Number of protein chains: 2
Amino acid sequence: MTENTVPGGVDAAWPGGGERAPRKRRVDAQRNTDSLLEAAKTVFGTSGVDAPAKEITDLAGVGVGTLYRHFPQRSDLVKAVFQREVDSCADAAPGLAAAHEPGEALEQWLYRFTEFLATKRGLASALHSGDPAFDELPGYFMQRFGPALGSLLDAAAAEGEIRADVSPEELLHAVGNLCMVADADGPAYSRRMVSLLIDGLRYGADKSRSRS
Amino acid sequence: MTENTVPGGVDAAWPGGGERAPRKRRVDAQRNTDSLLEAAKTVFGTSGVDAPAKEITDLAGVGVGTLYRHFPQRSDLVKAVFQREVDSCADAAPGLAAAHEPGEALEQWLYRFTEFLATKRGLASALHSGDPAFDELPGYFMQRFGPALGSLLDAAAAEGEIRADVSPEELLHAVGNLCMVADADGPAYSRRMVSLLIDGLRYGADKSRSRS
DNA sequence: GCTTATCCGGAACGTCTTTCCGTATATTTG
DNA sequence: CAAATATACGGAAAGACGTTCCGGATAAGC
């Protein structure tokens with residue numbers, strides 16, 4: 001899953017090209033990077049993105065020096081955590097598609113997506129803080145979630161389970177906005193709103209195309 | 001203008017009631033709070049609301065202890081600066097009303113209002129940070145600007161210079177939103193958008209009621 | 001002018017961030 | 001497998017900032 005990830009760039013393909021291989025990335029470095037990301041995800045959720053660095057390094061079982069070597073700036077860590085969770089959510093789509101009927105898969109994934117959104121409360125203000133370090137994140141968000149949702153949408157539409165005239169982008173926006181204003185009322189509320197949205201998708205379905 | 005202002009509450013009427021007057025507020029204390037507010041306004045605009053405290057105290061020519069005595073929490077300072085600027089902008093309305101025709105006064109004041117908004121970029125994120133210390137500010141905003149704009153609006157409507165079916169609140173919101181999304185394109189752009197809005201107000205005017 | 005409540009300044013302290021370097025270890029080479 | 005070396009680790013140290021505290025100063029009241 002985490003295969004030789006070098007922290008920093010959105011798509012830092014590392015041993016990719018044909019340059020003289022300098023050396024292989026040390027496994028402990030990779031392990032520590034993973035531990036830090038995991039710990040940071042937890043701590044960000046608990047104490048916000050401005051939590052003390054020590055809290056993160058302690059949880060990760062790592063020295064502070066290690067944190068700053070892998071993530072020289074705090075924004076680097078925030079970006080990495082964000083992307084990691086985006087990836088995790090987006091990558092769940094194919095598995096759900098394989099395990100369920102298209103309509104069910106779509107519904108499951110959207111719930112998964114609402115959970116992703118729920119952990120982003122603290123990040124939201126950071127992302128909109130005007131710090132140029134975060135400029136690329138919205139793009140990454142769409143770049144990953146657009147195709148992921150798109151394939152689920154297409155599959156469900158092909159089966160005639162939902163209407164076919166909704167783009168992934170607008171659905172992502174809709175769910176996103178829904179949960180942003182709804183989160184104050186708890187996750188259960190978000191979930192109900194989203195299921196309402198899904199029923200709306202089904203309402204206009206072209207059942208004649210169904211094969212099942 | 002600044003008459004014995006005690007920092008802290010929105011409407012901290014101080015020697016107001018009939019309690020045993022403890023003593024008069026020392027003039028140097030008043031002078032220093034004014035200096036601090038003035039300096040904080042400048043520094044907030046330059047370095048954001050998270051600027052180092054020393055930067056503010058140096059500019060105010062005051063020791064850090066003085067800052068913390070008058071404004072124990074940073075949010076106290078932020079609130080005070082905000083309210084001071086709200087007051088300054090709202091209090092400009094009567095003067096403009098006396099110096100210009102009602103329609104012109106309205107236009108002038110709205111430009112003044114856009115300038116006010118332009119300095120609030122840094123504050124916006126702080127206000128929406130979820131800190132309960134700022135909960136009262138939106139209310140203060142409306143409480144001061146509503147009547148200020150309302151009287152200008154009424155005067156202009158009475159002269160038949162603008163339509164009469166627009167409430168102060170909705171106009172404040174409209175201008176606010178306009179400048180929020182427009183500010184990235186510079187103040188000139190905000191100004192053009194607002195003048196467009198004013199022309200929209202004039203369009204539906206009942207000229208028959210004009211007396212001039 | 002004298003007393004006293006009030007206020008001032010900045011040193012002192014604690015917390016958090018960030019740098020730095022001696023030590024440890026994974027990887028490569030022979 | 002052992003030596004060589006690039007790479008990474010940990011935590012001490014330095015720096016920056018927020019916050020507290022109190023001896024000294026000064027305005028207000030008499």
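Quantities reported herein were computed from a predicted structural model and do not represent experimental measurements.
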Checklist line | Nearest-angstrom distance from the residue atom CG of B:Leu77 to P of D:dG18 | finding: 12 Å

Notebook entry, point to check: Side chain of B:Asp76, backbone of B:Gln73: donor and acceptor closer than 3.5 Å?
Noted result: yes

Next item on the list: Would you kindly give the CD1-to-P distance between A:Ile56 and C:dT18, to the nearest whole Å?
Entry: 12 Å

Next item on the list: Give the rounded distance in Å between these two atoms: CZ of A:Arg23 and P of D:dA8.
Entry: 10 Å

Note to self: Any N or O donor-acceptor pair under 3.5 Å from the base of C:dT6 to the side chain of B:Arg25?
What the structure shows: no

Notebook entry, point to check: If each of B:Val64 and A:Val64 is mapped to the nucleotide of DNA chain D with the nearest heavy atom, which maps nearer the 5' terminus, i.e. the 5' end?
Noted result: A:Val64

Item checked: Whole angstrom value for the distance that separates P of D:dT19 from CZ of B:Phe71 -> 14 Å

Item checked: B:Lys24 side chain, from C-beta outward: closest of D:dA28, D:dG18, D:dC9 -> D:dA28

Next item on the list: Quick one: label A:Arg74 by what it contacts on the DNA or RNA (base, sugar-phosphate, nothing), any heavy atom closer than 4.0 Å.
Entry: sugar-phosphate

Check: Between D:dG10, D:dA25, D:dA6, which one does the side chain of B:Arg26 approach most closely?
Finding: D:dA25

Notebook entry, point to check: Within this structure, what is the NZ-to-P distance between A:Lys54 and D:dG11, rounded to whole angstrom?
Noted result: 9 Å

Next item on the list: Could you tell me whether the phosphate oxygens of C:dC8, OP1 or OP2, come under 4.0 Å of any side-chain nitrogen or oxygen in B:His70?
Entry: yes

Note to self: Under 4.0 Å between a side-chain nitrogen and a carboxylate oxygen: does that hold for A:Arg144 and A:Asp91?
What the structure shows: yes

Notebook entry, point to check: Mapping B:Arg31 and B:Gly65 to their closest nucleotides on DNA chain D, which lands nearer the 5' end?
Noted result: B:Gly65

Note to self: Just checking B:Trp109 against B:Phe145, ring centres under 6.0 Å apart?
What the structure shows: yes

Next item on the list: Round to the nearest Å and state the distance from B:Tyr68 atom OH to D:dG18 atom C1'.
Entry: 4 Å

Checklist line | Electrostatic pair B:Asp199-B:Arg202, nearest N-O below 4.0 angstrom | finding: yes

Checklist line | Whole angstrom value for the distance that separates C1' of D:dC9 from CG of A:Asn32 | finding: 8 Å

Next item on the list: Starting from the 5' end of DNA chain C, give me the residue, A:Pro52 or B:Asp28, whose nearest nucleotide shows up first.
Entry: B:Asp28

Notebook entry, point to check: Is the closest side-chain heavy-atom distance between A:Arg25 and A:Thr33 below 4.5 Å?
Noted result: yes

Item checked: d(CZ, A:Arg69; C1', C:dT17) in whole Å -> 16 Å

